[in-house]
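Values in this document were obtained by computation on a predicted structure and should not be read as measured data.
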Amino acid sequence: MYSPINTSRIHAVDALRGFALAGITIAHMLEQFIAAPRPQGDAWGIEPTIFDQAIQAVGFLLISGKFFSIFSLLFGISFAIMMVNAEKRGQAFSGRFLWRLTLLFAIGLVHTLFYRGDILTVYAVIGLSLPLFYRLPDKVLWVIALVLFAGFGRAAFFLLTGADTLLPFAWTPESPVVADYIQTLKTGSLLDVFALNLTQGLATKFDFQVAVGGRGYLTLAYFLVGIWLVRSGIVGDIANRLASVKKTFFYSIGVALVFLLLTIGIFVTLPQPLDMTSWRFLLGMTAYDLLGIALTVTLICTFLWIYLKKPDGKLNGLAPYGRMALSNYLLQTLIGTFIFYGWGLGLLSSLREWQTLLIALVIIYLQIKISAWWLSRYRYGPLEWAWRCCTYCRQMPLKVERSAGNS
């Protein structure tokens with residue numbers, strides 16, 4: 001049995017979750033909630049300026065896929081904490097966890113209606129395997145995680161299918177299917193968006209997870225590393241790990257530079273147009289994934305370095321935001337899709353990158369303030385509370401109890 005985690009909140013983890021959620025908000029706003037390749041020419045409708053391209057480049061390098069990775073790592077950490085603490089109480093939690101994931105899948109399916117880039121359904125499906133992995137020794141967990149990080153899932157898919165995708169249509173910036181999808185978002189009704197997201201959207205999401213895109217393999221790997229971080233005692237002792245955080249930061253910078261050069265070297269030598277069914281392309285994709293992993297570690301260490309030097313500083317304000325991650329994540333989608341899609345304000349492809357970035361920062365700021373206000377009065381966010389009640393099949397206390405002197 002592994003050492004139990006203190007049942008009080010680990011504020012550094014909550015704040016890191018808030019940091020990850022902020023990054024995801026920026027990523028979704030910059031892509032304007034399309035969860036698809038941005039089409040070219042008239043299908044998009046606005047030519048990017050040099051300033052737009054600069055923001056896109058920074059977003060692609062430092063934001064796209066990185067904060068999703070932090071979120072995935074934290075999902076594995078949360079699962080392991082629940083398992084360890086259940087063992088401390090002498091209870092089995094695997095069955096309850098699977099029911100919890102079933103509820104998460106249902107929430108995610110509703111979320112998918114509005115936005116096909118939903119990650120909740122993906123987490124729910126992949127998370128079903130975690131109780132099986134949890135009992136494996138640490139060394140086995142690491143072997144599996146490293147194999148997945150190294151692109152073996154992508155390679156296995158290519159060996160089995162000889163293709164880069166399972167989709168019966170092209171899903172590229174030049175594809176008329178992508179152009180038609182964007183047009184639906186711009187002019188279609190809410191029901192039109194729902195119908196397309198439940199059909200084409202689920203198909204492209206599944207393909208992105210298991211085909212050459214390989215996102216699902218990385219997600220599972222991050223889950224497994226999260227389990228190890230809890231079992232190793234690192235998460236429970238995070239407040240005393242500043243020296244290790246600094247050392248890991250510098251290592252990750254060095255590794256990122258190596259894989260950045262390798263990624264550039266591979267892609268600049270590939271013939272044009274890109275042949276996505278070549279082994280060289282797959283190698284380039286894996287090098288890019290490894291660059292993303294190194295940058296993710298760099299971002300985590302940068303955040304923790306600042307946070308641990310002053311735990312009561314401004315970054316601690318992200319903790320309530322992170323504790324209400326589910327409520328805030330879904331609310332962001334409602335706001336973002338209303339801003340961009342035709343059933344709302346219809347501003348898709350009408351805003352510059354700096355404008356969407358500014359909107360994202362305003363949303364993050366307001367949600368941080370609202371989360372702090374809410375959690376000063378209630379134990380959980382509204383959706384977190386409902387999810388918890390359904391998980392345990394009973395009504396959980398919501399209001400924060402105040403002493404008579406504070407009433």
Side-chain angles (χ1 to χ4, degrees), residues 5-28 62-63 66-82 84-85 119 123 222-223 225-227 229-230 232-249 252 295-332 360-385 387-388 400:
I5 305 298
N6 191 322
T7 53
S8 62
R9 303 295 308 196
I10 304 175
H11 294 294
V13 172
D14 287 331
L16 182 60
R17 185 178 292 108
F19 177 59
L21 182 60
I24 289 173
T25 305
I26 293 172
H28 288 173
L62 296 180
I63 297 176
K66 314 306 181 296
F67 290 89
F68 140 81
S69 300
I70 300 174
F71 221 70
S72 300
L73 186 72
L74 290 168
F75 188 89
I77 287 173
S78 296
F79 161 74
I81 289 175
M82 288 186 288
V84 169
N85 285 335
I119 61 170
Y123 281 10
Y222 279 116
F223 285 178
V225 174
I227 292 174
L229 286 171
V230 172
S232 65
I234 292 174
V235 170
D237 190 43
I238 191 65
N240 301 313
R241 298 279 180 165
L242 181 56
S244 298
V245 166
K246 292 179 181 180
K247 185 183 297 185
T248 305
F249 169 83
S252 66
L295 289 175
T296 297
V297 175
T298 302
L299 288 168
I300 293 172
C301 291
T302 301
F303 178 85
L304 290 177
W305 189 338
I306 299 171
Y307 181 92
L308 294 177
K309 285 186 68 175
K310 194 174 182 181
D312 296 327
K314 290 184 177 180
L315 288 184
N316 196 47
L318 288 170
Y321 182 53
R323 285 177 59 188
M324 287 180 53
L326 180 62
S327 296
N328 286 322
Y329 175 65
L330 297 184
L331 182 57
Q332 288 164 10
L361 295 176
V362 170
I363 291 172
I364 292 167
Y365 175 80
L366 291 176
Q367 287 195 318
I368 288 173
K369 293 298 184 182
I370 292 171
S371 297
W373 174 84
W374 180 275
L375 290 177
S376 70
R377 292 161 175 77
Y378 304 100
R379 297 171 183 267
Y380 314 101
L383 287 178
E384 286 78 6
W385 175 75
W387 188 22
R388 190 176 182 87
V400 172

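Atom CH2 of residue Trp385 and atom CG of residue Leu383 lie 11.0 Å apart, to the nearest 0.5 angstrom. In this structure, Ile306 CD1 and Phe19 CZ are separated by 8.0 Å, a value rounded to the nearest 0.5 Å. Atom-to-atom distance recorded for Phe68:CZ and Tyr123:OH is 5.0 Å, nearest 0.5 angstrom. One finds the CD1 atom of Ile234 at 12.5 Å from the CG atom of Asn240 (value rounded to the nearest 0.5 Å). Rounded to the nearest 0.5 angstrom, Ile227 CD1 and Ser78 OG are separated by 11.0 Å. Taking CG of Leu308 as the start and OG of Ser244 as the end, the distance is 10.5 Å to the nearest 0.5 Å.
A donor-acceptor pair is defined here as one N or O able to donate and one able to accept, closer than 3.5 Å; no such pair exists between the side chain of Tyr307 and the backbone of Leu315. Side chain of Arg379 to backbone of Leu375: no donor-acceptor contact under 3.5 angstrom is found. Listed for the Trp374 side chain is a donor-acceptor partner under 3.5 Å among the backbone atoms of Tyr380. Although no hydrogens or angles enter the test, the distance criterion places a donor-acceptor pair under 3.5 Å between the side chain of Asn328 and the main chain of Met324. With hydrogens and angles disregarded, no donor-acceptor distance shorter than 3.5 Å links the side chain of Asp14 to the backbone of Leu318.
Every residue meeting the side-chain contact (heavy atoms from CB on, under 4.5 Å) condition with Leu331, not counting sequence neighbours, appears here in chain and number order: Ile335, Gln367. The salt bridge (charged side-chain N to carboxylate O under 4.0 Å, His left out) test applied to Arg241 returns Asp237, not counting sequence neighbours. Ser252 is linked by a side-chain contact (heavy atoms from CB on, under 4.5 Å) to Val297, Thr298, counting only residues two or more places apart in sequence or in another chain. For Ser327, the side-chain hydrogen bond (donor to acceptor under 3.5 Å, both in side chains) partners are Glu384, not counting sequence neighbours. Scanning for side-chain contact (heavy atoms from CB on, under 4.5 Å) contacts around Lys247 gives Tyr251, with sequence neighbours left out. Take Ile300 and apply the side-chain contact (heavy atoms from CB on, under 4.5 Å) test, not counting sequence neighbours, and it matches Leu16, Ile70, Leu73, Thr296, Leu304.
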Run the side-chain contact (heavy atoms from CB on, under 4.5 Å) check on Ile63 and Phe67 step by step: do they pass? CA-CA 6 Å; Ile63 297 176; Phe67 290 89; 4.1 Å; yes
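Residues Trp305 and Phe249 form a side-chain contact, since some pair of their non-hydrogen atoms from C-beta on lies under 4.5 Å apart. In this structure, Arg377 and Val400 have side chains that are not in contact, with every pair of non-hydrogen atoms separated by 4.5 Å or more. Residues Phe75 and Phe223 have side chains in contact (heavy-atom distance under 4.5 Å, counting atoms from C-beta outward).
Of all the heavy atoms in Phe303 and Ala12, the pair that sits closest is CE2-O, 4.4 Å. Closest heavy-atom contact between Gly226 and Ile77: O-CG1, 3.5 Å. Listed here is the closest heavy atom pair of Arg17 and Leu74: CA-CD1, 3.4 Å.
Between Tyr329 and His28, the two ring planes are tilted [angle within 30° to 60°].
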